[in-house]
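The structure appears right after this line, and notes come after that.
All values below were derived from every heavy atom in this structure, side-chain atoms included, with hydrogens, water molecules and symmetry-related copies excluded.
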Amino acid sequence: MPDAPAPAHLLVETIDGVATLTLNRPEALNALNAGLRAELLAALKSVARDDAVRAAVLTGAGRAFCAGADLRGGSGERAFRRVLVAEYNPLVRALRELEKPVVAAVNGVAAGAGMSLALAADLVVAAEDVRFLPAFDRIGLVPDSGLTRTLVRALGRHRAAAILYGGETLGAAEAHAAGLVVRVVPGSDLAGAAAELAQRLAAGPTRGIGLTKRLINRAEDDDLAESLDAEAALQELAGRTDDHVEGVAAFTEKREPRFGGR
Ligand code: T3D
């Protein structure tokens with residue numbers, strides 16, 4: 001008997017020129033395991049190639065957008081730099097380099113690299129009770145997937161520091177006031193509001209919008225590649241600390257971490 005097909009970690013549906021990509025591991029708050037990362041990258045490349053797709057929505061199934069890297073995805077030595085360079089950074093670049101508008105529809109919590117990916121979209125629509133939570137600090141890591149530069153640029157270094165290593169969350173209202181979120185809606189209206197925005201964009205001058213995105217990237221993103229490289233190098237250091245090991249153990253054991261500073 002042939003093997004059953006592997007379960008899809010990502011749902012893709014295209015309607016009226018809008019491709020909706022739904023992170024689909026709700027039992028793990030859509031945490032990014034290797035399969036989901038690969039499927040998402042393949043889907044973004046397919047959206048880029050398909051002339052019939054003129055806008056994309058990125059969202060999550062269930063009660064969260066995405067809880068970041070899958071912390072239960074295996075044991076043993078992890079090659080942080082390699083994984084960031086080969087798997088996370090291409091996702092950020094694919095979102096930024098796609099010459100079509102991307103709308104993130106964010107509900108529940110967007111944590112770790114899930115927060116980074118949400119804010120890598122062009123336009124973010126958020127449920128009013130959303131929590132943007134870096135979470136990297138809770139497991140002794142550095143922010144990655146472009147988050148530091150996004151937050152420092154939008155909020156300034158002091159507020160960014162409070163959020164990135166002070167354990168504070170960023171709520172919908174503050175994210176909206178800072179320009180990170182374009183619209184805040186009740187959770188029950190999120191999918192509809194994001195679809196409406198994406199459909200309007202998909203009916204627009206797609207080539208002109210794509211070229212405008214290229215200009216926005218040039219104006220803002222000149223050092224994106226450099227920032228992503230720096231994150232990968234520093235994550236390799238942070239990932240080798242005892243505090244990272246302790247942070248992941250504490251998460252797995254559902255307790256507060258006891259960091260020793262090493
Ligand atoms: O190489 C590399 O990996 C480097 C790349 C790093 C990128 C990163 O994103 S690092 C940051 C990783 N993410 C986190 O540290 C967040 C971990 N999750 C949480 O802190 C909490 O789950 C939340 C604050 C996001 C939500 O809390 P809550 O109380 O609403 O839900 P919960 O009960 O903690 O989670 C529900 C389930 O999802 C639970 O499973 P269970 O017990 O019902 O079987 C939980 O284990 C699971 N889950 C949540 N987050 C993750 C996860 N499973 C795997 N990985 C996760 N990140």
Side-chain angles (χ1 to χ4, degrees), residues 4-47 50 53 55-74 87-88 90-92 94-95 98 100-135 145 147 169-172 175 180-199 201-202 251:
H9 299 312
L10 182 78
L11 305 177
V12 182
E13 182 180 44
T14 301
I15 299 174
D16 294 338
V18 176
T20 299
L21 313 183
T22 304
L23 309 175
N24 187 38
R25 302 186 65 226
E27 72 287 353
L29 306 187
N30 302 316
L32 298 159
N33 63 4
L36 178 51
R37 295 194 293 266
E39 287 179 43
L40 181 57
L41 186 60
L44 289 168
K45 286 181 178 171
S46 166
V47 166
D50 188 347
V53 176
V57 172
L58 179 62
T59 193
R63 70 175 175 92
F65 176 77
C66 173
D70 191 318
L71 299 180
R72 294 176 162 179
E87 300 183 30
Y88 286 87
L91 287 174
V92 177
L95 287 165
L98 178 65
K100 299 173 185 180
V102 180
V103 175
V106 187
N107 70 311
V109 63
M115 176 174 178
S116 311
L117 290 184
L119 298 180
D122 297 298
L123 297 162
V124 181
V125 180
E128 56 198 3
D129 61 350
V130 86
R131 280 185 299 154
F132 291 99
L133 173 73
S145 308
L147 188 61
T169 58
L170 177 67
L180 290 165
V181 161
V182 69
R183 210 173 148 205
V184 179
V185 295
S188 55
D189 295 347
L190 180 68
E196 188 184 301
L197 175 58
Q199 272 155 16
L201 292 164
F251 170 76

Which heavy atom of [X] sits nearest a heavy atom of [Y], and at what distance?
X    : Y    : value
A105 : T59  : O-OG1, 2.9 Å
L201 : A55  : CB-CB, 4.5 Å
L41  : P90  : CD1-O, 3.7 Å
F65  : L58  : CE1-O, 3.5 Å
A104 : A118 : CB-O, 3.7 Å
A194 : V57  : O-CG2, 4.2 Å

Using modelled atom types only, decide if a donor and an acceptor are shared between the side chain of [X] and the backbone of [Y] within a distance under 3.5 Å.
X    : Y    : answer
N24  : A61  : no
D70  : A34  : no
N107 : S188 : no
R131 : V109 : no

Q: I would like to know whether Y88 and L32 meet side-chain contact (heavy atoms from CB on, under 4.5 Å); could you show each step before the answer?
A: CA-CA 10 Å; Y88 286 87; L32 298 159; 3.9 Å; yes

To the nearest 0.5 Å, how far apart are [atom1] in [X] and [atom2] in [Y]?
X    : Y    : atom1 : atom2 : answer
E39  : L44  : CD    : CG    : 12.0 Å
T20  : L11  : OG1   : CG    : 10.5 Å
E13  : L21  : CD    : CG    : 11.0 Å
M115 : T169 : CE    : OG1   : 9.0 Å
K100 : D50  : NZ    : CG    : 6.0 Å
L23  : R37  : CG    : CZ    : 12.5 Å

Q: List the steps, then state whether side-chain contact (heavy atoms from CB on, under 4.5 Å) holds for H9 with N33.
A: CA-CA 9 Å; H9 299 312; N33 63 4; 3.7 Å; yes

Q. Only one of D122, V182, V125 forms a side chain to side chain contact (heavy atoms under 4.5 Å, CB included) with V103, so which one is it?
A.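 Only match with V103 under side chain to side chain contact (heavy atoms under 4.5 Å, CB included): V125.
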
Q: Evaluate the side-chain contact (heavy atoms from CB on, under 4.5 Å) criterion for residues V92 and S116: first the C-alpha distance (whole Å), next the side-chain angles of each, then the deciding distance (0.1 Å), finally the verdict.
A: CA-CA 8 Å; V92 177; S116 311; 5.6 Å; no

Q.
With heavy-atom distances below 4.5 Å as the criterion, would you say the side chains of V130 and V181 are in contact?
A. no

Q. So L40 and L117, side-chain contact (heavy atoms from CB on, under 4.5 Å) or not? Walk me through it.
A. CA-CA 11 Å; L40 181 57; L117 290 184; 4.1 Å; yes

